[in-house]
Novice: 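Just dropping this structure here.
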Amino acid sequence: MNCPKIPCLCCEVICCPGLAASANRIFIMQRLHIQPDPCDEYIICCSNIMQIVACFVRICCDDPGLADCFTYAADLMFCITLACMNTQVNFEVEKNAATHGEWPTLMRKEERKVEMA
């Protein structure tokens, strides 16, 4: 088995999967000049709010069963949202004519200057 060349990426994916997926989604959208869909933003916002509410219920509620229900619902929403983000990224990489089925690369300084002009 080959070890990854960049262990920081492994740590990012294991410790912060939501941030890793969000960063990939934003990178692909910026690189391919795709405008975010307002519905996607609402779903992501709803997932974030559910996580916050679950934390408040866990802190303020005396019933651990109720707190668990909120946590499970928030975690389920997070997993669904994460799956949707990853599916969107995969679809754009595979089906977008600009990518030809390959991941876009980071722009070099020269390319940024040309694109800004």
Novice: Where is the tightest heavy-atom contact between V57 and A67, given as atom of each residue plus distance?
Specialist: CG1-CA, 3.8 Å

Novice: Report the distance from atom CD1 of I28 to atom CZ of F91, rounding to the nearest 0.5 Å.
Specialist: 13.0 Å

Novice: Grouping I, L, V, M, F, W and Y whenever their side-chain heavy atoms are under 4.5 Å apart, do L76 and L66 come out in a common cluster?
Specialist: no

Novice: Measuring from atom OG1 of T81 to atom CG of N48, what distance do you get when rounded to the nearest 0.5 angstrom?
Specialist: 8.0 Å

Novice: Is there a continuous path of hydrophobic side-chain contacts, each under 4.5 Å between heavy atoms, that joins V93 to L32?
Specialist: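 Yes, V93 connects to L32 through the hydrophobic network.
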
Novice: I want to check something: taking the side chain as every heavy atom from C-beta on, are M85 and I80 in contact at a cut-off of under 4.5 Å?
Specialist: no

Novice: Using the side-chain hydrogen bond (donor to acceptor under 3.5 Å, both in side chains) criterion, which residues pair with D40? Sequence neighbours excluded.
Specialist: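 side-chain hydrogen bond (donor to acceptor under 3.5 Å, both in side chains) check on D40 returns Q88.
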
Novice: Donor-acceptor check, side chain of T87 to backbone of A83, threshold 3.5 angstrom: yes or no?
Specialist: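 Here the side-chain-to-backbone pair exists.
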
Novice: Give a yes or no on whether F78 atom CZ has more than 12 heavy-atom contacts from other residues, nucleotides or ligands under 6.0 Å away.
Specialist: yes

Novice: Please examine the side chains of I34 and N96, heavy atoms only from C-beta on, and report whether any two atoms are closer than 4.5 Å.
Specialist: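 Yes, side chains in contact.
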
Novice: Group every Ile, Leu, Val, Met, Phe, Trp and Tyr by side-chain heavy-atom contacts under 4.5 Å, then state whether V89 and M29 land in the same group.
Specialist: yes

Novice: To the closest 0.5 Å, what do you measure between NE2 (H33) and CZ (R31)?
Specialist: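 With rounding to 0.5 Å, NE2 (H33) is 7.0 Å from CZ (R31).
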
Novice: Grab the two heavy atoms, one from P36 and one from E41, that are nearest each other, plus how far apart they are.
Specialist: CB-OE2, 3.4 Å

Novice: Can you name the closest pair of heavy atoms from A21 and L82 and give their distance?
Specialist: CB-CD1, 3.2 Å

Novice: Can you name the closest pair of heavy atoms from P64 and R58 and give their distance?
Specialist: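 Looking at all heavy atoms of both residues, the closest pair is O-NH1, 4.2 Å.
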
Novice: Can you tell me how far the CZ atom of F70 sits from the SG atom of C55, to the nearest 0.5 Å?
Specialist: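 Between atom CZ of F70 and atom SG of C55 there are 12.5 Å.
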
Novice: Nearest 0.5 angstrom please: I26 CD1 to Q30 CD, how far?
Specialist: 7.0 Å

Novice: Would you say that C84 contacts I43 through its side chain, given a criterion of any heavy-atom pair below 4.5 Å between the two side chains?
Specialist: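 No, every pair of side-chain atoms sits at 4.5 Å or beyond.
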
Novice: Answer yes or no: is there a side-chain heavy-atom contact under 4.5 Å between D75 and Q51?
Specialist: yes

